[in-house]
Amino acid sequence: MFMTRFIGRTLLAAAKSETHAASAAAATATSGHNPLEEFFEADRSQDEDKPIVYGRSWKASELRLKSWDDLQKLWYVLLKEKNMLMTQRQMLHAQNFRFPNPERLPKVRKSMCRIKHVLTERAIEEPDPRRSAEMKRMINAL
């Protein structure tokens, strides 16, 4: 666990220094946010003794209550989480470390599949065939 955080911090520090050098050279440093930070889990507090409990996957019944826009936003949040977890897993695998909490990735994938399922149900139930076809194209593009 310590090595995981150390490596993550080292990579983030390297990314920050590269970004800072590039932005200083271009003289356009307006924001301190580095987009590469989104591919790594945020640093937690010093309470390492307390185990962290992660949430469950979304149920289809819960997703059916959400609007089309909310489901699209949730899709992209889950996609970002999936990319972060896969980046972290690949980074740790390259360093011969164990990926902590491997059960998180299947939960994210399952939620994404359920979102697609709910959106497909809505597209099938759409009475207008043109709108239904457009909805199906959008779903397949996800």
Side-chain angles (χ1 to χ4, degrees), residues 1-24 26 28-142:
M1 184 73 113
F2 172 74
M3 291 304 289
T4 302
R5 289 187 181 169
F6 176 74
I7 292 169
R9 287 180 186 150
T10 305
L11 289 174
L12 280 174
K16 284 181 182 179
S17 65
E18 289 175 10
T19 303
H20 182 65
S23 64
T28 58
T30 58
S31 173
H33 176 70
N34 183 354
L36 291 177
E37 291 177 358
E38 295 178 11
F39 286 99
F40 299 97
E41 195 166 21
D43 225 3
R44 294 187 222 114
S45 65
Q46 301 300 325
D47 301 330
E48 293 186 28
D49 296 337
K50 191 185 333 179
I52 296 178
V53 179
Y54 294 99
R56 59 176 174 76
S57 57
W58 285 84
K59 295 180 180 176
S61 60
E62 296 170 334
L63 295 171
R64 287 185 185 102
L65 302 174
K66 297 199 170 291
S67 69
W68 180 275
D69 291 335
D70 288 343
L71 288 175
Q72 275 192 313
K73 289 175 188 174
L74 181 58
W75 172 268
Y76 285 108
V77 167
L78 288 169
L79 183 63
K80 209 168 166 181
E81 177 78 7
K82 181 178 133 186
N83 286 338
M84 186 267 303
L85 290 171
M86 291 177 74
T87 301
Q88 185 181 17
R89 183 180 67 181
Q90 185 65 31
M91 178 193 68
L92 293 172
H93 180 70
Q95 300 293 326
N96 292 326
F97 289 116
R98 188 179 67 82
F99 178 55
N101 303 313
E103 70 277 358
R104 290 173 64 191
L105 199 53
K107 289 178 185 179
V108 170
R109 286 186 179 138
K110 194 180 294 187
S111 294
M112 292 175 81
C113 286
R114 288 178 179 161
I115 287 174
K116 269 192 159 184
H117 179 76
V118 169
L119 291 175
T120 304
E121 284 178 350
R122 290 183 186 179
I124 290 170
E125 291 173 0
E126 179 65 36
D128 182 19
R130 288 183 184 172
R131 181 157 164 74
S132 176
E134 179 63 29
M135 291 169 74
K136 287 177 185 175
R137 270 188 243 115
M138 287 177 63
I139 294 166
N140 290 333
L142 290 177

Donor-acceptor pairs under 3.5 Å, side chain of residues 71-79 to any protein atom, not counting sequence neighbours: which ones?
none

With a cut-off of 3.5 Å and sequence neighbours excluded, list every side-chain donor-acceptor pair involving residues 126-136.
from : atom 1 : to   : atom 2 : distance (Å)
S132 : OG     : A123 : O      : 2.7
E134 : OE1    : R137 : NH1    : 2.6

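Atom CG of L63 sits about 10.5 Å away from atom CG of D70, to the nearest 0.5 Å. For the atom pair CG of L119 and CD1 of I124, the computed distance is 11.0 Å after rounding to the nearest 0.5 Å.
Side chains of W58 and M112 form no contact here, defined as non-hydrogen atoms less than 4.5 Å apart. E81 has its side chain within reach of L85: a pair of non-hydrogen atoms, C-beta onward, lies under 4.5 Å apart. Side-chain atoms of L105 and R89, non-hydrogen and from C-beta on, do get closer than 4.5 Å to each other. The side-chain heavy atoms of M91 and F99, taken from C-beta on, include no pair separated by under 4.5 Å.
Across all non-hydrogen atoms, the minimal contact from Q88 to P100 is NE2-CG, 4.4 Å.
Under the rule for a side chain to side chain contact (heavy atoms under 4.5 Å, CB included), E125 has no partner lying at least two apart in sequence or in another chain. Not counting sequence neighbours, S61 has no partner by the side-chain hydrogen bond (donor to acceptor under 3.5 Å, both in side chains) test.
A distance-only check finds no donor-acceptor pair linking the side chain of Q90 to the backbone of T87 [under 3.5 Å].
Counting only residues at least two apart or in different chains, side chain to side chain donor-acceptor pair (under 3.5 Å) contacts with residues 108-118 comprise S57-R114, H117-E121.
Comment: E103 does not engage R56 in a salt bridge, judged by the lack of any side-chain N to carboxylate O separation of less than 4.0 angstrom.
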